[in-house]
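Below: the structure, in structure tokens.
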Amino acid sequence: PGLMPTSSGTWKTGERVVTTGVYECINCRQIDKTTHLTLETGKIFPYCTVCGLKDNTYKLLPAKKR
């Protein structure tokens with residue numbers, strides 16, 4: 001579990017990061033906030049401290065948006 005993104009290319013809180021990069025909290029984007037986290041391979045996707053939700057969805061940002 002956590003080794004492949006969902007069909008939408010996203011990961012959830014508690015899954016393992018498979019690609020080092022900058023990730024955006026999709027939940028924050030839906031409430032007009034911007035939260036970007038730099039995460040390294042092997043780390044666990046955390047809870048988001050900005051939106052406060054415990055079941056977050058993250059998406060890897062393309063290099064040009066980082």
Side-chain angles (χ1 to χ4, degrees):
L3 297 179
M4 298 290 293
T6 62
S7 60
S8 61
T10 59
W11 289 266
K12 299 292 247 171
T13 299
E15 294 182 324
R16 288 204 180 272
V17 176
V18 295
T19 303
T20 295
V22 179
Y23 291 82
E24 177 181 29
C25 175
I26 301 302
N27 304 80
C28 283
R29 184 172 57 172
Q30 291 173 346
I31 59 172
D32 295 325
K33 295 186 179 192
T34 301
T35 302
H36 294 164
L37 299 172
T38 301
L39 299 170
E40 296 178 1
T41 300
K43 299 291 183 183
I44 301 291
F45 283 96
Y47 296 120
C48 181
T49 58
V50 176
C51 65
L53 296 175
K54 303 234 182 226
D55 185 26
N56 297 86
T57 301
Y58 294 95
K59 185 164 189 152
L60 180 63
L61 293 176
K64 63 184 176 186
K65 289 190 175 185
R66 297 181 195 170

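Both backbone and side-chain heavy atoms feed into the values below; hydrogens, waters and symmetry mates do not. Since the structure is predicted, the reported quantities are computational estimates derived from the model, not experimental observations.
The heavy-atom pair separating L60 from G21 by the smallest distance is CD1-CA, 4.0 Å. The shortest non-hydrogen separation linking V17 to T19 is CG1-O, 3.3 Å. Taking every heavy atom of both residues into account, P46 and N56 meet most closely at O-OD1, 4.4 Å. Across all their heavy atoms, C51 and I31 have their closest contact at CB-CD1, 3.9 Å. Scanning all heavy atoms of the two residues, the minimum distance from E40 to T20 falls at CA-OG1, 3.4 Å.
Side-chain contact between T57 and N27: present, with at least one pair of heavy atoms (C-beta onward) separated by less than 4.5 Å. For the pair I44 and R16, the minimum side-chain heavy-atom distance is below 4.5 Å.
Remark: T34 engages no residue in a side-chain hydrogen bond (donor to acceptor under 3.5 Å, both in side chains) (not counting sequence neighbours).
Between K54 atom NZ and C48 atom SG the span is 11.5 Å, to the nearest 0.5 Å. Separating the CD1 atom in I26 from the CD atom in E24 is a distance of 4.5 Å, to the nearest 0.5 Å.
Neither Y58 nor Y47 shares a network with the other; the hydrophobic side chains, linked directly or stepwise wherever heavy atoms of I, L, V, M, F, W or Y lie under 4.5 Å apart, form separate groups for each. When the side chains of ILVMFWY residues are joined at heavy-atom separations under 4.5 Å, either directly or via intervening members, L39 and V18 end up in a single hydrophobic cluster.
Aromatic ring orientation, W11 versus Y23: perpendicular (interplanar angle above 60°, classes split at 30° and 60°).
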| task | Step by step, work out the side-chain hydrogen bond (donor to acceptor under 3.5 Å, both in side chains) result for T10 and K59. | result | CA-CA 5 Å; T10 59; K59 185 164 189 152; over 6 Å; no
